[in-house]
There are 2 protein chains.
Amino acid sequence: MLTERQRMILNAIVDDYIRSAEPIGSRSISKRGGVGFSPATIRNEMADLEELGYLEQPHTSAGRVPSTKGYRYYVDHLLKLGEVSEQELNRMRGFLADQMNQMEQVIQHAAMILSNLTNYTSIVLGPEMFSNSLKHFQLVPLNQDTAVAIIVTNTGHVENRTVSIPVGIDISEMEKITRILNTKLVGVPLSRLRSRLYSEVGEELGRYVEHCEQLMGALDEALASDNEHRMFLSGTTNMLTQPEFKDVEKVKTLLDLFDETPTLMKLVSSHPDGIQVRIGTENDHEAINNCSLITATYSFEGKSLGMIGILGPTRMEYGKVISLLDVLSKDMTVLLGKWYK
Amino acid sequence: MLTERQRMILNAIVDDYIRSAEPIGSRSISKRGGVGFSPATIRNEMADLEELGYLEQPHTSAGRVPSTKGYRYYVDHLLKLGEVSEQELNRMRGFLADQMNQMEQVIQHAAMILSNLTNYTSIVLGPEMFSNSLKHFQLVPLNQDTAVAIIVTNTGHVENRTVSIPVGIDISEMEKITRILNTKLVGVPLSRLRSRLYSEVGEELGRYVEHCEQLMGALDEALASDNEHRMFLSGTTNMLTQPEFKDVEKVKTLLDLFDETPTLMKLVSSHPDGIQVRIGTENDHEAINNCSLITATYSFEGKSLGMIGILGPTRMEYGKVISLLDVLSKDMTVLLGKWYK
DNA sequence: CGTTAGCACTCAATAGCATCGAGTGCTAAT
DNA sequence: ATTAGCACTCGATGCTATTGAGTGCTAACG
């Protein structure tokens with residue numbers, strides 16, 4: 001358990017380091033407002049804090065830098081949440097209000113707002129689609145052997161695949177199929193669509209249409225879209241302005257991670273509901289072991305739909321970011337509610 | 001006009017510099033196979049070539065580096081196109097053959113192949129959609145006041161917008177509208193869709209439906225998609241391995257350009273048909289003044305549809321890249337032909 | 001007369017060295 | 001318990017010398 005004074009010193013070091021990105025010495029802490037101790041005293045405490053694992057020294061005769069454990073303590077016990085300034089709030093809501101009638105737009109906008117307001121990189125996971133249900137199904141023939149299958153969900157999302165038409169099926173039959181599928185499948189959650197396709201619709205379809213197995217196969221494949229989430233990044237180059245990324249090597253490993261959508265998605269979606277902070281080595285991926293990832297979930301009727309998150313250096317403005325994510329995730333919960341009616 | 005010997009020397013310098021990325025001295029040229037002259041002779045020629053503007057010197061007592069003009073001469077007169085190796089060809093076609101039934105997939109794959117095979121950054125512009133025609137139109141109501149408008153083109157591309165429904169229109173009327181639009185507009189090129197919407201369909205629609213102006217407005221807006229081209233980048237981080245981008249500042253300006261899709265698109269689409277090479281300062285944008293951009297068009301029935309391109313440092317393997325783009329653009333022409341029937 | 005050997009010269013890069021100063025740990029005095 | 005004092009550490013900074021790859025010029029050569 002840390003003493004009151006140790007907490008105060010740790011707090012001061014983290015705050016200063018977040019601002020300056022340079023190791024903090026005892027003298028600068030001592031000269032700070034509200035600290036009534038000499039550098040020597042601070043030094044002793046700092047030595048203790050280092051032994052306890054909260055601080056690190058790049059080398060002897062350098063100042064101290066917070067360790068992952070130090071940041072963790074800071075976030076858990078010392079941090080006072082920054083108010084989101086009136087100005088930021090206005091800017092944010094102004095952006096979001098802009099008559100958005102596409103859900104995708106809202107999500108993408110949210111990512112942009114986050115990265116603009118923080119100067120870090122933002123990651124936004126769009127609503128999981130498996131919980132959506134089918135609103136409309138359509139087969140549009142393009143020529144003799146191909147057609148476009150279109151799925152519209154209750155939230156207005158449109159998914160489409162090109163499927164090949166088995167020989168011997170003509171347009172009138174296609175229309176029949178479309179009608180059957182619509183009457184049988186509208187309202188079914190996407191996650192159950194494939195199984196329903198076989199169990200309920202299969203027989204009936206077979207009654208009307210020859211060669212229906214091939215078509216079923218094509219539809220089945222079309223439905224097996226593995227992108228139940230869509231992910232949006234924004235401000236990826238913001239990282240490059242951070243002093244911890246003055247080395248091109250580090251930049252490359254990070255940007256390579258950004259290109260690997262599935263990995264990144266796994267990393268983000270492993271976070272639980274609510275606001276979650278992963279600091280430095282707490283993150284499962286090596287490329288962001290000197291970064292912190294903060295996420296918040298937005299939801300509908302208490303059920304989490306997707307996530308918004310900020311990735312920045314461990315030396316991140318936690319207070320500001322956390323309160324911003326909190327506000328925005330709540331706004332999005334409200335805003336997206338209308339699509340989920 | 002350059003002498004035979006000058007051409008030989010220029011060729012040698014460009015080739016060597018492309019490999020080594022370091023200024024080339026007279027001695028190393030002299031010692032090269034097939035060159036029967038002493039360093040002193042080479043030096044004299046190099047001085048001449050510099051005076052003529054084909055070479056540059058980073059500083060006195062350094063070797064020579066090709067200038068933009070030097071590269072230009074190299075590309076126009078000296079370059080012998082590399083054969084695309086059997087292995088690369090197989091790899092490429094293997095990738096493209098992979099039962100792709102989505103046009104988007106083909107395009108995206110092409111970008112990936114290019115960046116993988118070259119280790120530069122690839123830029124691919126999808127087929128311009130304005131020349132496509134409407135295949136099917138659909139209005140799917142989501143709830144009381146919003147609906148999804150879906151457009152399918154003859155090439156199987158699906159575009160969708162959420163539109164708000166004016167009060168007082170019910171579902172049966174929506175279906176009527178859909179039917180009218182389909183009978184009147186199928187086959188019309190997308191570029192003329194908006195004008196036709198007013199000129200031909202407007203009155204007829206008005207006869208059946210009240211409050212139709214608002215709906216028209218909504219549809220009109222939905223059709224005004226400004227992304228007639230879709231653009232795909234791949235291998236953006238490949239640039240970071242190039243020695244000319246060891247400086248984070250330069251990396252940032254380049255990556256920022258990559259994020260500015262419209263600017264980049266303008267840059268690329270300003271290139272004419274066929275294979276086009278823009279070297280260094282020949283490019284209109286400052287961020288790529290030390291890069292070369294090579295593009296090729298793919299087409300259908302002689303009409304250019306879209307572009308594939310490679311962006312790399314001016315010190316680029318022109319021969320390899322050009323022949324690769326040539327082969328791939330022709331393959332894509334063949335492959336995409338089937339969608340344009 | 002074109003070519004080349006020879007030579008003085010230039011200049012970035014590298015290494016060595018002294019200096020500086022911010023910061024530390026320890027000890028003894030308060 | 002706190003702090004002043006002090007020796008010590010070590011990266012950063014700046015200066016100088018050295019090195020070496022490369023040049024331009026001139027004079028000699030076949």
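Quick note on labels: first sequence line is chain A, next is B, and so on, each numbered from 1.
Between the P atom of C/dA28 and the CZ atom of A/Arg43 lies a distance of 16 Å, rounded to the nearest Å. Separating the CD atom of A/Gln57 from the P atom of C/dT24 is a distance of 7 Å, rounded to the nearest angstrom. The CD-C1' distance, from B/Glu56 to D/dG22, rounds to 17 Å in whole Å. In this entry the distance linking CG of A/Asn44 with P of C/dT24 reads 11 Å, nearest Å. The interatomic distance linking A/Arg64 (CZ) with D/dG11 (P) rounds to 15 Å, in whole Å. One interatomic measurement links the two molecules: OH of B/Tyr17 to C1' of D/dG22, which rounds to 16 Å at whole-angstrom precision. Distance, A/Ile29 CD1 to C/dG23 P: 10 Å, rounded to whole Å. Rounded to whole angstrom, the span from the CD atom of B/Glu22 across to the P atom of D/dA21 amounts to 12 Å.
Within the model, atoms OG of B/Ser115 and CD1 of B/Ile123 stand 11.0 Å from one another, a figure rounded to the nearest 0.5 Å.
Using cut-offs of 30° and 60° on the angle between ring planes, the pair A/Tyr54 and A/Tyr73 is perpendicular.
No hydrogens or angles were tested; on distance alone, nothing pairs the side chain of A/Arg27 with the base of C/dG23 as donor and acceptor under 3.5 Å. Judged by distance alone with a 3.5 Å cut-off, a donor-acceptor contact links the side chain of B/Ser61 to the base of C/dT10.
Distances were taken from every side-chain heavy atom of B/Phe37 (C-beta onward) to each of D/dA4, C/dT3, D/dT2; the shortest belongs to C/dT3.
Using a 4.0 Å heavy-atom cutoff across all strands shown, A/Thr41 reaches at least one base atom of the nucleic acid.
Looking at A/Asp16 and A/Arg32, a side-chain N of the basic residue comes within less than 4.0 Å of a carboxylate O on the acidic one, giving a salt bridge.
OP1 or OP2 of D/dC10 sits under 4.0 Å from a side-chain N or O of A/Thr60.
Open room surrounds CZ on B/Arg27; 12 or fewer heavy atoms of other groups in view lie less than 6.0 Å from it. Within a 6.0 Å sphere centred on CD of B/Glu249, heavy atoms belonging to other residues, nucleotides or ligands number 12 at most.
Toward the 5' end of DNA chain C, the nearer of the two residues A/Gly63 and B/Ser38, judged by each one's closest nucleotide, is B/Ser38. Nearer to the 5' terminus of DNA chain C, by closest-nucleotide assignment, is the contact made by B/Pro39 (compared with the other of B/Pro39 and A/Glu50).
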